Novice: 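Have a look at the structure that comes next, please.
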Amino acid sequence: MNTCALFKMGATFLLFLFFGITVSAQINAPQKKLDSLLTVNQKNQKTDSTKIKILTEVYRQYMRMKNVDKAEEYLDKTIQLSHEKNLKKFSAMAYYRRALMYHGRSNYQKAEENYLIAVTEFSSIGNLDMEAGTYLNLGALYGNIPDYIKSLEVNQKAISIYEKMGNETDMASCYTNISSIYQRLGNQSQALVYLKMALKVFAKEGENARGVAVVYGLIGNNYFEASDSELMQMNVLPGQKIKLALEYYNKSLKVAEAIKDVGIIATTKRDLADLYSSIGQKDAALKSYQKSIELSKNGDDKEAYASTLYALGNFYQRENDFENAISLLGSSLKIAEENRFLETEKDASLGLSTVYEKQKDYNKSLAYYRQYIKVRDQIFNEDKEKEITRRQMQLDFNVKERDYLLKQKLTEGELKRQQQELTLKRQQLALTAKEKALDLLTFQKAKADLDIQRLAQEGKFARAKYQAQLAASIKDKQISRQDQQIKFDGRIKIFLSIATVLILIIAVVIFLNQRKTTRLNKIINNQKRELEQLSKVKDRIFSVVSHDMRTPVNSLISFMQLLEGGNIEQEKLNRYAASLKNNLTYTSTMMENLLNWAASQMQGFNPYLENLDIEHLTTEVIHSLQDNADQKQINLQNLISSGTFCKADENMLSLVIRNLISNAIKFTPVGGAIEINAASLANRLEIKISDTGVGLTEVQLNHFNKPGYLGAGVSTLGTNKEKGTGLGLLLCRTFIGLMAGEIKASTNPGGGSCFTITLSK
């Protein structure tokens, strides 16, 4: 962004920030409002202050609708009636608003005329605020011309009034205007001083004030556009330039986003994009350009929109994205031509010429280059005149500024000395007249050189066009041969692709079959192991049935024979009866376990799960086994709390607990203890049966706890030589599994065994 653009940004900020000039973006509503106002105006035939107010609203509505002729008509009526009724507050505002209208349309002559009349009328009615505000807008206008001396004069007048009023905020606007003047004169260090003065004032309104956002952006531009020598004057190393500019751009963006000011966000995004592009961060630059265009597209600042379109188009041109570059540069050129934005028109024309040259479309490239030369010559003439004027004014500028800043403190002698210095400076200006003439001659020579350069460029384009046509003919033949080769290669690729797909399909089929075979082998092996275990259990069952059932039956037959003889002593009879009872009890238990286990192996044998009171069920089992425990003086305790429930099959769980307690009684010596307890764990219930008996060995524990345990039917004698079938634990594992539970065995810390049953609640 050049310094001219910076000045315009500052001027636009002052114009819209401090005087609240807004333009409606609606389409249908303005016409309806205008029709309503015209109807009211027609009905009101009185010539009083109410009539003036109605006329004021009518011309303001025409301004919003950009109908200049009608706005002028009603402005004149308002001013005439205001003067007739001696109500200058209305005529002063009319002149002021007319000046704003022409200022926005870059008609600086008419804008200046109306601003000056407005100043006079505001002064006559004592409206200091609007008088100073008009001077402030004049300062922005003179800065655009540029006439720096006049701009400084009116800004100083505005500062004097704001000092009297104690209006620091609008004084900060003047500081911003003055900083723009210094930037145009190449004195970036002094411009930065005034910007920091303005920032200090705006910061008093809060960290999210609009003025803070604008000044942050201007400071960022100040660092980004400064040359190395200017940076050294600001006590900044050249290497810190990008860092400082980026810091202030981000500060501006943060404040603008906080207050949702779309105009400042769009401008700052474009400035950030320029910075990112300059340091090679292309992705970040592209995103910022696109966001700036999106935000500024519907705004009122057409020059900013056209400049942003050019910036993004030029970015695409550098990246060789010709389609997007042509579209954006063409849109930028169209807006610039319609609104006479010469600088943008020049840049867009050159950008389009470069794009078409890269595409070897030399006719269009030459046409846009001619347009670029034409606009450049026009700008060069204007810039040359401005440069000559600027050099004259710059000689007198520092003296003028000191005169305004220090005139209240200077003595009469110092004033005379200042006047003498002014006289000397004017004499120096007279001496520069010859330099001006020399500059004009130099300019004319440069223009002639440009004409020669243009003719040479046209010849160069003609030769390039012929060479391009010849190269295109040769390239067409090469392309034809390449097309044939590509078609042949394509057929080969199709054949190879089909063959590859077939091979892959065959490989997948083979792989899936192998996986299926492996899976089936695994299932068969598991089933084989289970069958082997079941065969062992079956062999043990037959052994038990063939051996253990024969003994009690033979004992019963012998006992019956003794009873038939009739001559047996009572003591011996009691001893035989007790032994027979023990054998029959063992046989009954064995038969019950065998039948239950056989039933569990039958298909269709499923548990009936219901909510069981574990304390009640355990108590019943203990009652059935209490005699056995009492014979060995074993303390059998049920520690389960009343009201403890879980989901289980009543018969299955009773049999499991009975088997576990029977085993505990069997392997617990005289005077031992057995405890049954329960613990609630989330949605599960743990039932623990622990004893102080001989316990299980580590091998037995590991064998019981492994997942594939089916038992082997091995039985061990109890502490009183009690027999067993070896099927009790197998039956426990089977029934608990059917009820979707778990059973684990462990060593009791106090000696003995502990069996833990886990079931759902």
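Residue numbers count from 1 along this sequence. These numbers come from a predicted model, not from an experiment.
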Novice: Please tell me whether Ser189 and Asn187 have a donor and an acceptor in their side chains that are separated by less than 3.5 angstrom.
Specialist: yes
Novice: Could you tell me whether the side chains of Arg318 and Ser277 share a donor-acceptor contact shorter than 3.5 Å?
Specialist: yes
Novice: Going through the checks in order, is the salt bridge (Lys or Arg N to Asp or Glu O under 4.0 Å) test met by Lys77 and Glu73?
Specialist: CA-CA 7 Å; Lys77 290 180 181 180; Glu73 177 184 341; 3.4 Å; yes
Novice: Just so I know, are the side chains of Tyr142 and Leu152 near enough to count as touching, which here means a heavy-atom distance under 4.5 Å?
Specialist: no
Novice: Evaluate salt bridge (Lys or Arg N to Asp or Glu O under 4.0 Å) for Lys269 paired with Asp274, printing each intermediate quantity in order.
Specialist: CA-CA 9 Å; Lys269 284 287 186 182; Asp274 290 339; over 6 Å; no
Novice: Go through the steps for Gln109 and Tyr102 under the test side chain to side chain donor-acceptor pair (under 3.5 Å), then give the verdict.
Specialist: CA-CA 8 Å; Gln109 182 177 353; Tyr102 284 117; over 6 Å; no
Novice: So, Thr169 versus Glu205: side-chain donor-acceptor pair below 3.5 Å or not?
Specialist: yes
Novice: The test is salt bridge (Lys or Arg N to Asp or Glu O under 4.0 Å); show your working for Lys334 and Glu337 and say whether it passes.
Specialist: CA-CA 5 Å; Lys334 183 179 179 181; Glu337 288 173 339; over 6 Å; no
Novice: If you look at every heavy atom in Ala118 and Ala92, which pair is closest and at what distance?
Specialist: CB-O, 3.8 Å
Novice: Evaluate Ser288 against Arg270 for side-chain contact (heavy atoms from CB on, under 4.5 Å), listing each step before the verdict.
Specialist: CA-CA 6 Å; Ser288 292; Arg270 185 179 63 195; over 6 Å; no
Novice: Would you confirm whether Ser82, through its side chain, and Thr78, through its main-chain N or O, come within 3.5 Å as a donor-acceptor pair?
Specialist: yes
Novice: Hey, does Tyr356 have a side-chain heavy atom less than 4.5 Å from the side chain of Ile326?
Specialist: yes
Novice: Are more than 12 heavy atoms, taken from residues, nucleotides or ligands other than Glu84, located less than 6.0 Å from that residue's CD atom?
Specialist: yes
Novice: Answer with yes or no whether the side chains of Glu121 and Ser91 bring together a donor and an acceptor at under 3.5 Å.
Specialist: yes
Novice: Locate the shortest heavy-atom distance separating Ala94 from Tyr59; write the atom from each residue and the value.
Specialist: CA-OH, 3.4 Å
Novice: Would you compute the distance between atom CG of Asn177 and atom CD1 of Ile159 and round it to the nearest 0.5 angstrom?
Specialist: 9.0 Å
Novice: Below 30° counts as parallel, above 60° as perpendicular, anything between as tilted: where do the rings of Tyr182 and Tyr194 land?
Specialist: parallel
Novice: Can Asp347 and Tyr372 be counted as having a side-chain donor-acceptor contact under 3.5 angstrom?
Specialist: no
Novice: Does the structure place the NZ or CZ of Lys251 under 6.0 Å from the centre of the six-membered ring of Tyr248, at an angle of no more than 45° from the ring's axis?
Specialist: yes
Novice: Please find the pair of heavy atoms, one from Ile125 and one from Lys89, that lie closest to each other, and give the distance.
Specialist: CD1-CA, 3.7 Å
Novice: Is it the case that the side chain of Ser353 and the backbone of Ser349 share a donor-acceptor pair, with hydrogens and angles ignored and the cut-off at 3.5 Å?
Specialist: no
Novice: Just so I know, are the side chains of Leu350 and Tyr368 near enough to count as touching, which here means a heavy-atom distance under 4.5 Å?
Specialist: no
Novice: I need the Thr308 OG1 to Gln290 CD distance, nearest 0.5 Å.
Specialist: 12.5 Å
Novice: Please check: side-chain N/O of Gln61 versus main-chain N/O of Pro30, any donor-acceptor pairing under 3.5 Å?
Specialist: yes
Novice: Counting heavy atoms not belonging to Glu207, are there more than 12 under 6.0 Å from its CD?
Specialist: no
Novice: Using side-chain heavy atoms (C-beta onward) and a distance below 4.5 Å, is Leu309 in contact with Leu329?
Specialist: no
Novice: Look only at the side chain of Ser123 and the backbone of Val119, and say whether a donor-acceptor pair between them is shorter than 3.5 Å.
Specialist: no
Novice: Distance alone, cut at 3.5 Å: any donor-acceptor contact between the side chains of Asp35 and Gln31?
Specialist: yes
Novice: Using atom types as modelled and distance alone, determine if a side-chain donor or acceptor of Asn41 lies under 3.5 Å from a backbone N or O of Leu37.
Specialist: no
Novice: Please step through side-chain contact (heavy atoms from CB on, under 4.5 Å) for the pair Asp129 and Phe122, ending with a clear verdict.
Specialist: CA-CA 9 Å; Asp129 188 40; Phe122 282 132; over 6 Å; no
Novice: Where the side chain of Ser332 meets the backbone of Leu328, is there a donor-acceptor pair that is under 3.5 Å apart?
Specialist: no
Novice: Kindly give the heavy-atom pair with the smallest separation between Met130 and Asn127, and that separation in Å.
Specialist: N-OD1, 3.2 Å
Novice: What closest approach, in Å, do Asn155 and Gly139 show between heavy atoms, and which atom pair accounts for it?
Specialist: ND2-CA, 3.6 Å
Novice: Does atom NZ (Lys241) have a neighbourhood of more than 12 heavy atoms from anything else shown, all under 6.0 Å?
Specialist: yes
Novice: Ring centroid separation for Tyr74 and Tyr62, is it under 6.0 angstrom?
Specialist: yes
Novice: Check whether any side-chain heavy atom of Thr56 sits under 4.5 Å from a side-chain heavy atom of Arg97, and report yes or no.
Specialist: yes
Novice: Please determine if Arg98 and Asp76 form a salt bridge, counting it only when a charged side-chain N lies under 4.0 Å from a carboxylate O.
Specialist: yes
Novice: To the nearest 0.5 Å, how far apart are CG in Leu312 and CD1 in Ile293?
Specialist: 4.5 Å
Novice: Glu153 and Lys150: salt bridge (Lys or Arg N to Asp or Glu O under 4.0 Å), yes or no, with the steps?
Specialist: CA-CA 5 Å; Glu153 286 176 353; Lys150 285 186 178 180; over 6 Å; no
Novice: Looking only at the side chains, is there a donor atom on one of Asn137 and Tyr96 sitting less than 3.5 Å from an acceptor on the other?
Specialist: yes
Novice: What I'd like to find out is whether the side chain of Asn167 reaches to under 4.5 Å of the side chain of Asp170, using heavy atoms alone.
Specialist: yes
Novice: Under 30°, 30 to 60°, or over 60°: which ring-plane class applies to Tyr95 and His83, parallel, tilted or perpendicular?
Specialist: tilted
Novice: Is there side-chain contact between Lys164 and Leu128, with at least one heavy-atom pair below 4.5 Å?
Specialist: no
Novice: Is there a donor-acceptor pair closer than 3.5 Å between any side-chain N or O of Asn114 and the backbone N or O of Lys110?
Specialist: yes
Novice: Find the distance between OH (Tyr289) and OH (Tyr316) and round it off to the nearest 0.5 Å.
Specialist: 11.0 Å
Novice: Between Leu34 and Met65, is there a side-chain heavy-atom distance shorter than 4.5 Å?
Specialist: yes
Novice: Any sub-3.5 Å donor-acceptor pair from Gln42's side-chain atoms to Thr39's backbone N or O?
Specialist: no
Novice: Can you give me the closest heavy-atom contact between Ile181 and Ser151, atom names plus distance?
Specialist: CD1-OG, 3.3 Å
Novice: Under the side-chain contact (heavy atoms from CB on, under 4.5 Å) rule, what do Gln371 and Lys346 come out as? Steps first, then yes or no, please.
Specialist: CA-CA 8 Å; Gln371 184 174 355; Lys346 180 198 74 172; over 6 Å; no
Novice: Please report the interatomic distance OH(Tyr216) to CD1(Ile264), rounded to the nearest 0.5 Å.
Specialist: 13.0 Å
Novice: Would Asn222 and Met234 count as a side-chain contact (heavy atoms from CB on, under 4.5 Å) if you check the C-alpha gap in whole Å, the side-chain angles of each, and the deciding distance to 0.1 Å?
Specialist: CA-CA 10 Å; Asn222 185 275; Met234 292 186 283; 3.3 Å; yes
Novice: Out of curiosity, Lys51 NZ to Lys85 NZ, how far, rounded to the nearest 0.5 Å?
Specialist: 12.0 Å
Novice: Are the side chain of Asn44 and the backbone N or O of Val40 linked by a donor-acceptor pair below 3.5 Å?
Specialist: no
